[in-house]
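Reviewing the structure listed below.
Keep in mind it's a predicted model, so treat the numbers as computed, not measured.
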Amino acid sequence: MAGKKAAKVPRETYEKELLRLQTELVKLQEWVRAEGARLVVVFEGRDAAGKGGTIKRVAEHLNPRVARIAALPKPTERERTQWYFQRYIEHLPAAGEIVLFDRSWYNRAGVEHVMGFCTKEEYQLFQRQCPIFERMLVEAGIVLRKYWFSVSDTEQQERFRRRLEDPLRRWKLSPMDLESITRWEAYSRAKDEMMVHTDITEAPWFVVESDDKRRARLNMIAHLLDSVPYHDVPPPVLELPDRPDSTGYRRSPRDLQTYVPDHAANL
């Protein structure tokens, strides 16, 4: 975002617009299912850039049988011997499905390269093959969207501090996250080089300014909806049936079952 930094989006405005956008995401989901489309959304960016929170808001009201999140752990010993893209291919959508990649094959262009988890030759091979791989996905009919969440160094530092102090979010902070603070410029160079090689016409990168999480979520979801030519799919006509008359069933005595204690009664 060029120019003067925008004011943070007020909570009331954010929640109202988020609900509207999430309603449209449900329509997008139904279009994907009805048309047999295949949608892949890649979420990338630095640690604490806001990817996870945005993914949660995207998926919040979607059917998990249609829209699923792919957040792969580190590769197994066997996976390390595979073609690099192989472990990601099995998570790609079939007809009528949406896959949200919480980090993706771009691990090789970022953390693996910066932290030395891959060789120089493996990194260079990725840079050559990634555009070819993504063109193959698009040519096969997959709708591919790639979002880079851009956070400033000061905001990332503040988010790390809050995670460190919050027991509910402490699990989000790893030693590798903290290591990224000392390698800020190395990650910046890696991102720039990644963009040079993989910002292709068939699958361009879209940058999301994410110092304001609310603004980032609204902007990303709105862009995704605007970029996919979905339309409203009329839902099937359903009618709630009348409850049939009793046939004499009687519930078994409650004392024959074990109930959870009424914790709420003591609040």
Side-chain angles (χ1 to χ4, degrees), residues 21-45 51-76 78-110 112 125-126 128-149 194 198-206 208 217 220-238:
L21 292 173
Q22 288 177 325
T23 302
E24 290 299 314
L25 283 171
V26 173
K27 295 179 183 179
L28 170 64
Q29 167 192 265
E30 293 309 298
W31 173 82
V32 166
R33 182 158 56 178
E35 296 293 326
R38 292 170 291 166
L39 174 60
V40 170
V41 186
V42 168
F43 294 78
E44 288 289 345
K51 303 179 298 298
T54 305
I55 291 171
K56 286 181 181 178
R57 273 65 181 187
V58 171
E60 187 173 6
H61 298 290
L62 301 184
N63 184 343
R65 293 183 177 86
V66 176
R68 68 179 185 275
I69 300 170
L72 277 61
K74 66 179 183 180
T76 64
R78 179 178 181 275
E79 287 171 335
R80 288 192 181 96
T81 68
Q82 296 175 342
W83 177 46
Y84 177 71
F85 296 95
Q86 187 171 337
R87 68 193 295 250
Y88 295 97
I89 289 174
E90 65 179 279
H91 294 276
L92 293 173
E97 294 179 349
I98 301 169
V99 177
L100 311 173
F101 277 96
D102 186 354
R103 293 200 183 277
S104 65
W105 44 90
Y106 282 100
N107 274 339
R108 176 136 297 175
E112 289 191 14
L125 183 62
F126 171 85
R128 292 197 303 271
Q129 290 187 340
C130 183
I132 300 171
F133 172 66
E134 292 182 351
R135 288 189 180 103
M136 291 173 65
L137 298 183
V138 175
E139 288 173 1
I142 289 176
V143 179
L144 175 60
R145 297 292 180 268
K146 304 186 307 193
Y147 293 97
W148 176 268
F149 285 72
M194 177 194 77
T198 63
D199 187 20
I200 58 177
T201 303
E202 297 86 346
W205 277 105
F206 298 102
V208 182
R217 293 164 186 169
M220 179 268 149
I221 298 173
H223 181 274
L224 174 63
L225 291 167
D226 287 342
S227 73
V228 179
Y230 73 100
H231 56 77
D232 202 355
V233 176
V237 178
L238 301 175

Considering all heavy atoms of both residues, which atom of [X] and which atom of [Y] are nearest to each other, and what is their separation?
{"X": "Pro131", "Y": "Ile200", "answer": "O-CD1, 3.8 Å"}
{"X": "Val66", "Y": "Gly96", "answer": "CG1-O, 3.4 Å"}
{"X": "Tyr230", "Y": "Leu225", "answer": "CE2-O, 3.4 Å"}
{"X": "Leu224", "Y": "Arg145", "answer": "CD1-CG, 3.9 Å"}
{"X": "Leu62", "Y": "Leu25", "answer": "CD2-O, 3.6 Å"}
{"X": "Met194", "Y": "Ala109", "answer": "CG-CB, 3.8 Å"}

Flag side-chain contact, heavy atom, 4.5 Å: [X] against [Y]:
{"X": "Arg87", "Y": "Gln82", "result": "yes"}
{"X": "Met220", "Y": "Phe149", "result": "yes"}
{"X": "Asp102", "Y": "Leu100", "result": "no"}
{"X": "Leu137", "Y": "Val40", "result": "no"}
{"X": "Thr198", "Y": "Tyr106", "result": "yes"}

To the nearest 0.5 Å, how far apart are [atom1] in [X] and [atom2] in [Y]?
{"X": "Leu72", "Y": "Phe101", "atom1": "CG", "atom2": "CZ", "value": "7.0 Å"}
{"X": "Asn107", "Y": "Lys74", "atom1": "CG", "atom2": "NZ", "value": "13.0 Å"}
{"X": "Lys56", "Y": "Ile69", "atom1": "NZ", "atom2": "CD1", "value": "9.0 Å"}
{"X": "Arg33", "Y": "Leu28", "atom1": "CZ", "atom2": "CG", "value": "12.0 Å"}
{"X": "Gln129", "Y": "Arg108", "atom1": "CD", "atom2": "CZ", "value": "10.0 Å"}
{"X": "Ile89", "Y": "Trp83", "atom1": "CD1", "atom2": "CH2", "value": "4.5 Å"}

When the ring planes of Phe206 and His223 are compared, do they come out parallel, tilted or perpendicular, using 30° and 60° as the limits?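 Plane angle between 30° and 60°, so tilted.
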Testing Arg68, Arg65, Gln29 one by one against Glu97 for a side-chain hydrogen bond (donor to acceptor under 3.5 Å, both in side chains), which residue passes?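 Of the listed options, the one satisfying the test is Arg68.
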Lys146/Glu44 ion pair, N-O < 4.0 Å: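 Result for this pair is no, no salt bridge flagged.
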Do you know which of Trp105, Tyr88, Phe85 makes ring pair (Phe, Tyr, Trp, His ring centres under 6.0 Å) with Phe126?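 Exactly one pass, corresponding to Phe85.
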Chi angles and distances behind the side-chain contact (heavy atoms from CB on, under 4.5 Å) call for Leu125, Tyr84: CA-CA 10 Å; Leu125 183 62; Tyr84 177 71; over 6 Å; no
With sequence neighbours left out, write down each residue that passes ring-ring contact (aromatic ring centres under 6.0 Å, His included) with Trp148, or none if nothing qualifies.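 So Trp148 forms no ring-ring contact (aromatic ring centres under 6.0 Å, His included) with any residue.
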Residues in salt bridge (charged side-chain N to carboxylate O under 4.0 Å, His left out) with Lys27, at least two apart?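 Lys27: salt bridge (charged side-chain N to carboxylate O under 4.0 Å, His left out) contacts with Glu24.
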When you measure from the side chain of Arg38 to the backbone N and O of Ala140, does any donor-acceptor pair fall under 3.5 Å?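 Looks like yes, one N/O pair under 3.5 Å.
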